[in-house]
Amino acid sequence: MASGICFFHSTSSLHPLFLYRRWNNGKIGGTKFTSLNFVGWKQRTTLICAVGNDAEKSFKKTVEVDRLIDMLRDADDKELQKLVVENVLAFNEGFWIRLAARTETCKSEDDKKDYEELAAILMSVVDRLVHKTKEKIESATDVLKAILRPVIEEEEEIHWPPRNPKALILMQTELHQREQEGCLDEGFLSEVNAQLRQAKEDGDKPGLEAMLQKVLQLYASRVLSKRSYAKKGNEVLKAEQFLETLIQAPETEWNKLLINGLNVGKGDISPEELFTVVKKRIERILIRTEGGSYQQRILTEYVKGILARAVDLVNALQAGT
C-alpha cells in the first residue's frame with residue numbers, strides 16, 4: 001500500500017522516467033498531456049482495478065465460508081457428516097481462520113462455546129475422514145462390541161460390576177476414543193437403546209442391562225463435560241462447578257459428593273442453588289440438541305438422574321434432623 005500512496009502523490013519532476021517527458025508532448029483540452037502522465041495514469045488504473053478485484057474475490061470467498069459455517073452449525077449429526085464429505089476440500093487454512101474469527105467476535109459466552117464445540121467436532125470428523133478414506137466404516141454394532149469387549153472378554157459370562165476394575169477403565173477409554181473419532185452418533189445411541197430394551201424384556205440378563213446403562217452414563221458424562229458453565233468472566237459459579245463435578249463423577253459416587261457438597265450435609269451449597277443450575281442445564285440441553293433425538297433424551301435423563309438423587313438425599317437428610 002505504501003507504494004500506491006507514494007505513486008498517487010508523485011510529480012513528474014520526481015518520477016524516474018522524467019527523460020521521457022519530451023515524447024509525445026501535447027494537450028487534451030486545457031490539460032498538458034505527456035507520455036509520463038499517461039504511464040502514471042495507466043499504472044494507477046491497473047493498481048486500482050487489481051485492488052478492487054482482490055477485495056471482491058476476498059469478500060465472495062468470505063461469504064461462501066460463512067454460508068458453509070452456518071450450514072454446519074445448524075446441521076444435525078447425520079447432516080454434518082454429509083456436509084463434511086461434500087465440502088472436504090473447503091476445510092483449508094482460510095476456513096479455520098474464519099471460524100476462529102467468528103468465535104472471537106461472539107457476543108455471548110454460549111455462542112462462543114457453540115463455535116468452539118463445532119470446531120472440535122469438525123476437526124475430529126475431518127481427521128477421521130482423511131485417515132479412514134480407504135477403510136470400511138464400522139457399524140454401530142461393531143462400535144458397541146468394541147466398547148464392551150474389555151468387560152466381556154474378561155469373563156466367561158456377563159458379570160457386573162466386572163471383577164477386574166481395570167476392565168471398566170479400558171471400557172471408558174475405548175468409549176472416549178470412539179467419541180473423539182465421531183463414532184457415537186445417533187445410529188450408535190439407537191443401537192445401545194435397542195439392546196438395552198431387549199435386555200429389559202428378556203429379564204434374565206441383569207449384568208448386560210447394567211453394562212449398557214453404564215455405556216449411556218459414560219456417554220452422557222463425556223458429552224456434557226465438554227461444555228463448562230462454571231465461570232462467568234473471572235467469577236467462579238460454585239453451584240455450576242459442583243454440578244459439573246457430579247456430571248463427571250461415576251454414579252456410584254454421587255451420594256458421597258452430594259453429602260460433602262450440600263449445606264444440608266457438610267458443604268456450603270444450598271439444595272435450591274443446585275436444583276436451579278440443574279434445571280438450567282436441562283434447558284440448555286433441550287435448546288442445543290435436536291428435538292426427539294436419542295442424544296437429547298440420554299443427556300436430559302442423565303442430568304435428571306442427578307436431580308432425583310439430590311432430592312432423595314436432601315429429603316432423607318432433612319428427615320433425620
Side-chain angles (χ1 to χ4, degrees), residues 108-114 116-117 120 151 160-162 165-173 175-176 179-180 184 189 192 196 209-289 294-321:
S108 72
E109 283 298 316
D110 279 355
D111 287 342
K112 186 174 182 179
K113 291 178 186 295
D114 279 341
E116 289 173 348
E117 186 173 327
V151 180
W160 193 264
K166 292 182 179 179
L168 185 56
I169 296 174
L170 292 173
M171 174 182 166
Q172 184 172 357
T173 301
L175 184 139
H176 287 183
E179 190 273 334
Q180 289 178 346
L184 308 189
L189 298 177
V192 179
L196 180 58
E209 185 178 336
M211 193 183 302
L212 293 169
Q213 287 174 337
K214 186 63 176 180
V215 170
L216 295 179
Q217 289 173 0
L218 290 173
Y219 167 81
S221 175
R222 173 72 173 179
V223 173
L224 291 170
S225 297
K226 292 167 68 176
R227 183 185 289 271
S228 175
Y229 298 95
K231 280 191 176 182
K232 188 175 183 180
N234 295 324
E235 180 187 1
V236 176
L237 306 178
K238 290 186 177 181
E240 288 281 8
Q241 189 177 55
F242 181 50
L243 173 59
E244 290 174 9
T245 300
L246 290 166
I247 286 173
Q248 294 170 17
E251 178 265 342
T252 53
E253 295 181 12
W254 287 355
N255 285 356
K256 180 180 178 181
L257 288 171
L258 287 166
I259 291 172
N260 290 333
L262 295 175
N263 61 10
V264 293
K266 303 176 182 178
D268 57 0
I269 296 172
S270 70
E272 291 74 20
E273 289 176 314
L274 177 61
F275 298 161
T276 297
V277 295
V278 167
K279 291 176 182 178
K280 191 171 183 179
R281 182 62 64 99
I282 292 173
E283 291 174 1
R284 283 169 168 155
I285 293 171
L286 294 175
I287 291 171
R288 300 181 187 285
T289 54
Y294 282 105
Q295 183 189 50
Q296 184 180 86
R297 192 175 77 185
I298 291 165
L299 298 183
T300 53
E301 285 182 357
Y302 184 75
V303 178
K304 285 179 180 178
I306 294 175
L307 177 61
R309 183 70 63 85
V311 170
D312 289 344
L313 189 68
V314 168
N315 290 338
L317 290 173
Q318 290 177 337
T321 57

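Just so it is clear, the values below take in all heavy atoms, side chains as well, and ignore hydrogens, waters and symmetry mates. What you see is a predicted model, and the numbers here were worked out from it, not measured in a lab. Each residue takes its place number in the sequence, starting with 1.
Nearest heavy atom pair, residue Leu212 against residue Val192, reads O-CG1, 4.0 Å. Among all heavy-atom pairs drawn from Glu240 and Ala230, the shortest one is CB-CA, 3.9 Å. Of all non-hydrogen atoms in Ala167 and Val151, the two that sit nearest each other are O-CG2, 4.1 Å. Heavy-atom minimum distance, Thr289 versus Gln295: CG2-OE1, 3.5 Å. Between Val264 and Pro271, the shortest heavy-atom distance links the atoms CG1-CG, 3.9 Å. Smallest separation of non-hydrogen atoms from Leu189 and Ile298: CD2-CD1, 3.7 Å.
Applying the salt bridge (Lys or Arg N to Asp or Glu O under 4.0 Å) rule to pairs touching residues 217-232 yields Asp114-Arg227, Glu117-Arg227, Glu179-Arg222, Glu179-Lys226, sequence neighbours excluded. Within the structure, the ring-ring contact (aromatic ring centres under 6.0 Å, His included) test picks out no pair touching residues 258-279 (sequence neighbours left out). Within the structure, side-chain hydrogen bond (donor to acceptor under 3.5 Å, both in side chains) pairs that include any residue of residues 256-265 do not occur (at least two apart or interchain). Screening residues 229-262 for ring-ring contact (aromatic ring centres under 6.0 Å, His included) gives Trp254-Tyr302 as the qualifying pairs, with residues at least two apart or on separate chains. Residue pairs satisfying the salt bridge (Lys or Arg N to Asp or Glu O under 4.0 Å) criterion with at least one member in residues 262-272, sequence neighbours excluded, are absent.
Side chain of Ser221 to backbone of Gln217: no donor-acceptor contact under 3.5 angstrom is found.
Remark: Thr276 engages no residue in a side chain to side chain contact (heavy atoms under 4.5 Å, CB included) (not counting sequence neighbours). Remark: Glu116 engages no residue in a side-chain hydrogen bond (donor to acceptor under 3.5 Å, both in side chains) (not counting sequence neighbours). Partners of Glu301 by side chain to side chain contact (heavy atoms under 4.5 Å, CB included), not counting sequence neighbours, listed by chain and number: Arg297. In this view, Thr300 satisfies the side-chain hydrogen bond (donor to acceptor under 3.5 Å, both in side chains) rule with no residue, not counting sequence neighbours. Residues passing the side-chain hydrogen bond (donor to acceptor under 3.5 Å, both in side chains) test with Ser108, sequence neighbours excluded: Asp111. Ser270 meets the side-chain hydrogen bond (donor to acceptor under 3.5 Å, both in side chains) test with Glu273; sequence neighbours excluded.
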Give every donor-acceptor pair under 3.5 Å between a side-chain atom in residues 308-315 and any protein atom, sequence neighbours left out.
| unit_1 | atom_1 | unit_2 | atom_2 | d |
| --- | --- | --- | --- | --- |
| Arg309 | NH1 | Asn255 | OD1 | 3.2 |
| Arg309 | NH2 | Glu251 | OE2 | 2.3 |
| Asn315 | ND2 | Val311 | O | 3.2 |

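Atom CG of residue Leu243 and atom CG of residue Leu237 lie 11.5 Å apart, to the nearest 0.5 angstrom. Atom OG1 in Thr173 sits 9.5 Å away from atom CG in Leu168 (nearest 0.5 Å). Note that the CZ atom of Arg284 and the NZ atom of Lys279 stand 15.5 Å from one another [nearest 0.5 Å]. Rounding to the nearest 0.5 Å places CD1 of Ile282 at 6.0 Å from CG of Leu307. Between Arg288 atom CZ and Leu299 atom CG the span is 13.0 Å, to the nearest 0.5 Å. In this structure, Lys238 NZ and Thr245 OG1 are separated by 12.5 Å, a value rounded to the nearest 0.5 Å.
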Residue pair Leu184, Val223: steps toward the side chain to side chain contact (heavy atoms under 4.5 Å, CB included) verdict: CA-CA 10 Å; Leu184 308 189; Val223 173; over 6 Å; no
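Looking at Leu246 and Leu274, their side chains come closer than 4.5 Å, going by heavy atoms from C-beta outward. Side chains of Leu216 and Leu196 form a contact here, defined as non-hydrogen atoms less than 4.5 Å apart.
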